[in-house]
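Report on the following structure.
Bear in mind the structure is a predicted one, so any value in this text is a computation, not a measurement. A, B, ... follow the sequence lines: proteins, then strands. Residue 1 opens every chain.
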Protein chains: 2
Amino acid sequence: MNESTHKRIYCTDATWVGRSDCARCGIRDLMLFSGLPETAFTSDLEPIDHFLFPAGTPLYQEGQDEGVIFTIRKGLIKLMALTEKGEQRIVRLAGAKSAIGLELLDAGNTYRHTAIAVGDADVCRIPVNTIDLLNARFPTLCDQIRQRLQDQLDRADEWIVNLATGPAKLRIANLLLFMLKHSTGQNDVFPMLGGNDMAAIIGASPETVSRNIADLKRQGVLEKVAPGRYRGDHAALEAMLR
Amino acid sequence: MNESTHKRIYCTDATWVGRSDCARCGIRDLMLFSGLPETAFTSDLEPIDHFLFPAGTPLYQEGQDEGVIFTIRKGLIKLMALTEKGEQRIVRLAGAKSAIGLELLDAGNTYRHTAIAVGDADVCRIPVNTIDLLNARFPTLCDQIRQRLQDQLDRADEWIVNLATGPAKLRIANLLLFMLKHSTGQNDVFPMLGGNDMAAIIGASPETVSRNIADLKRQGVLEKVAPGRYRGDHAALEAMLR
DNA sequence: CGGTAAATTGACTGCTCTCAATTTACGTGG
DNA sequence: CCACGTAAATTGAGAGCAGTCAATTTACCG
């Protein structure tokens, strides 16, 4: 395999930042290739590319097979799956350090979800070929992949327990706590999801979400500090769980 | 490490069938050790044991660390997690060929769930030590583990989409279809779960489950053929999803 | 056969969905 | 900078669904 075989269509609607130089990646220790030597990234590998996806842009679609996985450097990606009735349900929110699209590592699989950037997202796109080759050369990579999968599984179980159980009010409190926990902002300020997204996460109608959020605002548990940014009362939210 | 270090307390309430002779396992091709040579199972490994768990018996408890994982030869295991309010939610049903307790492969972890046999279950208990050693010697094992984890993740996502979305009637129809799909019985006859279990699976009250099941029986979609065994009308159930 | 647990059913309350009408927010182009 | 159009959020009203509490029946195990 030579350089000329390494062409790959750019992700539609995404900004291509450049070829990723994994050997000199500043955050490699946090990412999938943690533990691999700098010399691992030889030129016979299909290249890894670095993209910026603007908010609302799809990384991939359910049922497709683009032959690439993504690691998230920064931002939030929503993973959505179709209900029998054709409605979208959000089954996971993947943040920094997560790897998504790993289902393609089993030959013949297609993407299980449609992945869409919630805010602007900063990601690396890694061909499955490259993973396979590195896997064969560096057994530690498989452990890294296993840990990312285990992490996603833990998240999925939390999702079932916290966001799919009990009355809507409680599920929303859990969701807000989840967003507080995973946001990097100061002072319990976090970027609020859209109402439709929250509805698709907890499995309720947008109206029910809106009414409950409005209640929380009236109670002072939630406070708007800027368009799309809210401050949440961590203690009050936790109290709602019991 | 010698034989004397290989003592391990028997699983409480389970019947010990014997040391597993993986090299001659009749179903190894279907299990976790598929792809490993017969010579892999050397005597320096902590031994793998074969157990029968009667219905209702726990394999392990959330928060513990017994240092073993399980592969399921036959039967059904329910994985339960605690809600903040102290209620049990069933997040997964693991059947034949599944491997559970894999979270222990990351050092420092404890079991994420309480695992309980639904019917009688036939399982192999594998020390994490043994997995680690085999992993170091046979890189293909890591792929097998990755595939089991991916399988569990796919199941968890299905769970969210099918069993945690929409009105109770629809979730129950999905659950019955799930049980039909994963049962080995003939003629769409399957072992019915208890009402409390079904309630803990779809996140509803036992009364709601009972009322909906009663409706389905009156409509002829469900038919009792023996105590604990029902026949389900596959087509009628599918029709309820649209 | 008795005791306990599970399942069933009723009554009632409260929650959530749907449909609909407004209001608000936001990006576009004048 | 403002006007506009579209999409999202908010709020109301009504119907139906689901939770709780309670009583009763059924099933099951020793």
Side-chain angles (χ1 to χ4, degrees), chain A residues 13 54-57 78 83 85-90 116 118-120 163-176 191-219 222-230 240, chain B residues 13 54-57 78 83 85-90 116 118-120 163-176 191-219 222-230 240:
Chain A
D13 299 328
T57 316
K78 58 179 173 184
T83 304
K85 306 197 18 195
E87 292 156 355
Q88 293 277 6
R89 184 82 153 80
I90 298 179
I116 294 186
V118 175
D120 293 350
L163 302 177
T165 306
K169 189 180 206 164
L170 198 147
R171 305 206 300 275
I172 288 175
N174 267 311
L175 174 54
L176 294 173
M192 183 65 90
L193 289 174
N196 289 329
D197 279 345
M198 295 205 281
I201 287 172
I202 68 166
S205 69
E207 291 93 335
T208 293
V209 171
S210 174
R211 275 183 248 269
N212 279 282
I213 295 285
D215 277 347
L216 292 176
K217 282 195 271 196
R218 277 187 283 272
Q219 293 169 31
L222 268 183
E223 190 192 349
K224 188 178 196 168
V225 297
R229 318 208 93 237
Y230 282 72
M240 292 175 61
Chain B
D13 299 327
T57 315
K78 59 179 174 184
T83 304
K85 305 196 21 193
E87 291 155 355
Q88 294 277 4
R89 185 80 152 82
I90 298 179
I116 293 185
V118 176
D120 293 350
L163 302 177
T165 306
K169 191 180 202 160
L170 198 146
R171 306 207 299 276
I172 288 176
N174 267 311
L175 174 55
L176 294 173
M192 182 65 89
L193 289 174
N196 289 329
D197 279 345
M198 295 205 281
I201 287 172
I202 68 166
S205 69
E207 291 93 334
T208 294
V209 171
S210 174
R211 274 184 249 268
N212 278 283
I213 295 285
D215 277 347
L216 293 176
K217 283 194 271 194
R218 277 188 282 273
Q219 292 170 30
L222 269 183
E223 189 192 350
K224 187 178 195 169
V225 297
R229 318 209 93 236
Y230 282 72
M240 292 176 60

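- B:Asn212 places its CG atom 7 Å from the P atom of D:dA18, with the value rounded to the nearest Å.
- Rounded to whole angstrom, the span from the CD atom of A:Glu207 across to the P atom of C:dT16 amounts to 13 Å.
- Between A:Asp215 and the choices A:Arg218, A:Lys217, A:Arg211, A:Gln219, the side-chain hydrogen bond (donor to acceptor under 3.5 Å, both in side chains) rule is met once, by A:Arg218.
- Per the geometry, NZ belonging to B:Lys217 stands 12 Å off P belonging to D:dT26, to the nearest Å.
- Taking the side chain of B:Pro167 as heavy atoms from C-beta on, and the options D:dA8, D:dA18, C:dT9, the nearest nucleotide is D:dA18.
- Across C:dT16, D:dT20, D:dA18, the shortest atom-to-atom separation from the side chain of A:Ala168 is found for C:dT16.
- Using a 4.5 Å heavy-atom cutoff, the side chains of A:Leu176 and A:Met192 are in contact.
- Of the candidates C:dA20, D:dT20, C:dA7, C:dA7 carries the atom nearest the B:Ser210 side chain, counting heavy atoms from C-beta on.
- The backbone N or O of B:Thr208 lies less than 3.5 Å from a partner atom in the side chain of B:Asn212, making a donor-acceptor pair.
- Note: CZ (B:Arg171) to P (D:dC17) measures 13 Å, nearest angstrom.
- For the pair A:Val209/A:Asn196, no side-chain contact is recorded, criterion being any heavy-atom separation below 4.5 Å from C-beta on.
- Here the side chains of B:Lys169 and B:Met240 are in contact, with some heavy-atom distance below 4.5 Å.
- Taking only side-chain nitrogens and oxygens, B:Lys169 never comes nearer than 4.0 Å to OP1 or OP2 of D:dA18.
- If B:Asn196 and A:Gly228 are placed on DNA chain C by their nearest nucleotide, the residue sitting closer to the 5' end is B:Asn196.
- Applying the 4.0 Å criterion to OP1 and OP2 of C:dT16, one finds that A:Thr208 has every side-chain N and O outside that range.
- Atom CG of A:Leu170 is separated from atom P of D:dG19 by 13 Å (rounded to the nearest Å).
- One atom, NZ of B:Lys85, and another, P of D:dG19, lie 12 Å apart when rounded to the nearest Å.
- Residue B:Pro227 is classed as a sugar-phosphate contact, given heavy-atom separations below 4.0 Å to backbone atoms only.
- Rounded to an integer number of Å, the gap from CD1 of A:Ile213 to C1' of C:dT24 is 17 Å.
- Below the 3.5 angstrom threshold, one finds no donor paired with an acceptor across the side chain of B:Arg218 and the base of C:dT8.
- For the pair A:Arg211 CZ and D:dA9 C1', the interatomic distance rounds to 11 Å; values are reported in whole Å.
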